[in-house]
Number of protein chains: 2
Amino acid sequence: MLSKKTQYAFQALMYLAEKDNDEPVLIAEIAKKKKIPLKFLENILLELKNANILESKKGKGGGYFFAKNPKDVPLATVMRLLDGPISLLPCVSLYFYERCKNCDEKGCGLHMVMSQVRDANLKILEKKTIADLAKG
Amino acid sequence: MLSKKTQYAFQALMYLAEKDNDEPVLIAEIAKKKKIPLKFLENILLELKNANILESKKGKGGGYFFAKNPKDVPLATVMRLLDGPISLLPCVSLYFYERCKNCDEKGCGLHMVMSQVRDANLKILEKKTIADLAKG
DNA sequence: CATATTGCGTTTTCTTGGATAGCATTTTTT
DNA sequence: AAAAAATGCTATCCAAGAAAACGCAATATG
């Protein structure tokens, strides 16, 4: 399961993407509309900003907006950023790989199946973007 | 990521499945060979027993062995038993469904994508069984 | 300067994963 | 019947992580 953090992130990103204009949106507005704890959302948006997915502006008329086109933000990127590995096992992870203590990873049945699972997931999650979520 | 519990379970089940004979295997033996904390493994095997996947025998010559053919135990079953939902969101889970607060689940882009992911996962995890892990 | 807004370190709370301890129960053997 | 060999089961603990809240600093606008 995705963590609340990532779930909230998707909600917030969807909300931003659905706005036609590119004007800054208040954290408070997103929090209210999407029922996300304000302070928690603050942290999340900040992480998204530090990852160059969002941008922000302070002071009056400030808020958050996309740093890049939503169609250039794959779901996998958001998930890795906030939740870490997408794979089910460390030994099949592409971005968070860790060697397996028991199996030699070659001829290990579990390793093979989990690689399949990973590929099936990535095929979808790398291709689908925030833009795909919005155009409902 | 799978929890340690489920990872250990797969290791243990693979070990049992790789034994040709159907003689009981000591918890201690599995723990040693697979480097799993003994007491922790005890709990795991017990859960697998209560789910009718394994069977046990006490006393001398006792131990654990399969209650059914390993080829009749899909990976998904083990995962749901020990880790809960396979889906990434509660609102797309088949066995642990919870309604979504925000979206109406119909015309929700996120819901659609996550359903796809779930299906892709289940297609593999429901079909592959413990037997597939063993024949390495 | 006053006001609006994000930035950010800190802390708190809560949950869960992971692991340990100890005794109870069942079965086999002698 | 007693001893030995296993699992059964419950309770508990610890650490880490997730989720959330607090307070003030920094920055931008007018």
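Reminder, nothing fancy here: chain letters follow the sequence lines and each chain counts from 1.
Set against D/dA19, C/dA4, D/dG8, the side chain of B/Leu46 has D/dG8 as its closest nucleotide. Looking at the side chain of A/Lys60, the nearest of the listed nucleotides D/dA20, D/dC9, C/dA4 is C/dA4. Among the nucleotides C/dG7, D/dA19, D/dT7, the one closest to the side chain of A/Ser56 is C/dG7. Among the nucleotides C/dT6, D/dA28, D/dG8, the one closest to any side-chain atom of A/Lys57 is D/dA28.
Here C/dT13 presents its C1' atom at 16 Å from NZ of A/Lys4, a figure rounded to the nearest Å. Remark: C1' of C/dA24 and CD of B/Glu42 are 12 Å apart, rounded to the nearest angstrom. Distance B/Glu55 CD to D/dG8 P: 11 Å, rounded to the nearest Å. For the pair A/Glu47 CD and D/dA19 P, the interatomic distance rounds to 12 Å; values are reported in whole Å. C/dT5 atom C1' lies 13 Å from atom CZ of A/Phe65, rounded to whole Å. Counting to the nearest Å, the P atom of D/dA19 and the CD atom of A/Gln7 are 8 Å from each other. In this structure, CD1 of B/Ile27 is placed 14 Å from C1' of C/dT25, rounded to the nearest angstrom. For the pair A/Glu29 CD and C/dA4 P, the interatomic distance rounds to 17 Å; values are reported in whole Å.
Side-chain atoms of A/Leu89 and A/His111, non-hydrogen and from C-beta on, never get closer than 4.5 Å to each other. The closest side-chain heavy-atom distance from B/Gln7 to A/Pro90 is below 4.5 Å. Between A/Leu82 and A/Glu47, some side-chain heavy-atom pair lies under the 4.5 Å cut-off.
Proximity of B/Lys49 to the phosphate of D/dG8: a side-chain N or O atom is located under 4.0 Å from OP1 or OP2.
Judged purely by distance below 3.5 Å, without hydrogens or angles, the side chains of A/Ser56 and A/Lys49 pair a donor atom with an acceptor atom.
In this structure, the side chain of B/Asp83 does not engage the main chain of B/Leu2 through any donor-acceptor pair within 3.5 Å.
Two residues, A/Gly61 and A/Phe40, neighbour DNA chain D, and the one matched to the more 5' nucleotide by heavy-atom proximity is A/Phe40. Sequence order on DNA chain D of the closest nucleotides to A/Leu38 and A/Gly59 puts A/Leu38 first from the 5' end. Mapping A/Leu26 and B/Tyr8 onto DNA chain C via the closest heavy atom, the residue that lands nearer the 5' end is A/Leu26.
For B/Lys58 and C/dT25, a side-chain-to-base donor-acceptor distance below 3.5 Å is present, hydrogens and geometry of angles not being considered. Taking 3.5 Å as the limit, the base of C/dG22 and the side chain of B/Lys39 contain a donor-acceptor pair of atoms between them.
In this structure, B/Leu45 reaches neither bases nor backbone, as no heavy-atom distance under 4.0 Å exists between it and the strands shown.
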